[in-house]
Amino acid sequence: SPPFEANRIRAVTFDAFAIFDLRPLWVACESAFPGKGSTLSAAWRSRQFEYQWLTALAGKYQDFWETTRNALIFAARSTGVSLSDSARDALLQTYLRMTVWPDVATVLSQLRAAGKQVLILSNATEAILEASLRANGLHGAVDHVLSTDKISSFKPDPKAYQLAVDRTGYRREEILFVASAGWDAAGARWFGYPTFWNNRLSAPLEELEVAADASGSTLLDLTPLLHLEFQR
């Protein structure tokens, strides 16, 4: 049977990193710190999420930009990298001009042509999301850009997923959520969204006793599930 009722889907909500490709950021880490970039970027990404969730749970919210900056400073210290202010700022600025995955523009166009609302729902700030959409000429391809900064929390807080329901006025079963991380797919399913895991990096399934309704390595794997006509 189909993973969800395609005809009931009225909107598709993407996590930002199903749209934006963070691999150039990892390359930038290696370019700035040859031989240490991969260790630095791994420590940075891990602490970034930990700081987000820690500050939110403690009632000491700091937004995505602050937690990302602080995580980078800690990651450099923990991996023995000498991080100047200019190097720190240069790496952070990468978030304002993220590149998009090659399938994105076509799939967003197909969704809009099919009458689906298109949203981004991200832990990143609205300024980060809007800057990167403009940098890629995609500002007009998205109907709504939603940041969890509005609620001073982060996914997988249920209040974060509620933002798309509130903005569209649709029921949660009418909104397909496209996650880029396994934990986010779990959070969306817990909330009650039909969920597609865009598992571009072939990550293993999270051990959270819940799974996405469907998954695929590119957004092209999503289009047949919604019965969209698409030329590969």
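Residue numbers run from 1 in the order of the sequence given. Treat the numbers as computed from the prediction; the structure is a model and nothing was measured.
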Taking the side chain as every heavy atom from C-beta outward, state whether [X] and [Y] have any atom pair closer than 4.5 Å.
| X | Y | result |
| --- | --- | --- |
| Leu83 | Phe33 | yes |
| Trp183 | Phe49 | yes |
| Tyr193 | Glu173 | no |
| Arg88 | Gln93 | no |
| Gln52 | Gln48 | yes |
| Ser122 | Thr148 | no |
| Asn198 | Leu219 | yes |
| Lys150 | Leu146 | no |

If only atom types and distance count, is the side chain of [X] paired as donor or acceptor with the main-chain N or O of [Y] below 3.5 Å?
| X | Y | answer |
| --- | --- | --- |
| Asp89 | Ser86 | no |
| Asp157 | Ser153 | no |
| Ser78 | Ala75 | yes |
| Asp143 | Val118 | yes |
| Ser41 | Gly37 | yes |
| Trp44 | Thr68 | yes |
| Thr223 | Leu220 | yes |
| Glu130 | Ala127 | no |
| Thr67 | Asp63 | yes |

Distance from [X] atom [atom1] to [Y] atom [atom2], nearest 0.5 Å?
| X | Y | atom1 | atom2 | answer |
| --- | --- | --- | --- | --- |
| Glu126 | Asp149 | CD | CG | 9.0 Å |
| Asn70 | Arg47 | CG | CZ | 11.5 Å |
| Leu133 | Met98 | CG | CE | 8.0 Å |

What pairs of donor and acceptor atoms, side-chain ones from residues 2-15 against any protein atom, are under 3.5 angstrom apart with sequence neighbours left out?
residue: Asp15; atom: OD1; partner: Lys155; partner atom: NZ; Å: 2.7
residue: Asp15; atom: OD2; partner: Phe17; partner atom: N; Å: 3.1
residue: Asp15; atom: OD2; partner: Ser180; partner atom: OG; Å: 2.6

Quiz prompt | Residues Arg189 and Asp213 bridged, charged N to O under 4.0 Å | solution = yes
field: Pair Asp103 + Arg200: basic N to acidic O under 4.0 Å
entry: yes
Single-linkage hydrophobic cluster, 4.5 Å side-chain cutoff, [X] and [Y] together:
| X | Y | answer |
| --- | --- | --- |
| Ile120 | Leu22 | yes |
| Trp197 | Leu226 | no |
| Phe74 | Leu92 | no |
| Val142 | Leu228 | yes |
| Trp53 | Trp190 | no |

Looking only at heavy atoms, the pair that brings Ala90 and Arg97 closest together is O-NH2, 4.2 Å
Residues pairing under side chain to side chain donor-acceptor pair (under 3.5 Å) where one sits in residues 22-34, two or more places apart or in two chains, turn out to be Asp21-Arg23
### Query
Can you list the steps and then say if Phe20 with Asn136 is a side chain to side chain contact (heavy atoms under 4.5 Å, CB included)?
CA-CA 10 Å; Phe20 300 115; Asn136 289 280; 4.1 Å; yes
What do the steps show when you test Trp65 against Ile128 for side chain to side chain contact (heavy atoms under 4.5 Å, CB included), and what is the final call?
CA-CA 8 Å; Trp65 189 265; Ile128 290 172; 3.5 Å; yes
Side chains of [X] and [Y] only: does a donor on one sit below 3.5 Å from an acceptor on the other?
| X | Y | answer |
| --- | --- | --- |
| Gln117 | Thr168 | no |
| Thr106 | Gln110 | no |
| Tyr51 | Glu66 | no |
| Asn199 | Ser215 | no |

Exercise. Given the rule in the side chain to side chain contact (heavy atoms under 4.5 Å, CB included) test, do Leu138 and Val100 qualify, once you have shown the distances and angles that lead to the verdict?
Worked result: CA-CA 9 Å; Leu138 286 177; Val100 296; 3.7 Å; yes
Checking Phe64, Tyr161, Tyr61 against Phe154 for ring pair (Phe, Tyr, Trp, His ring centres under 6.0 Å), the one that qualifies is Tyr61
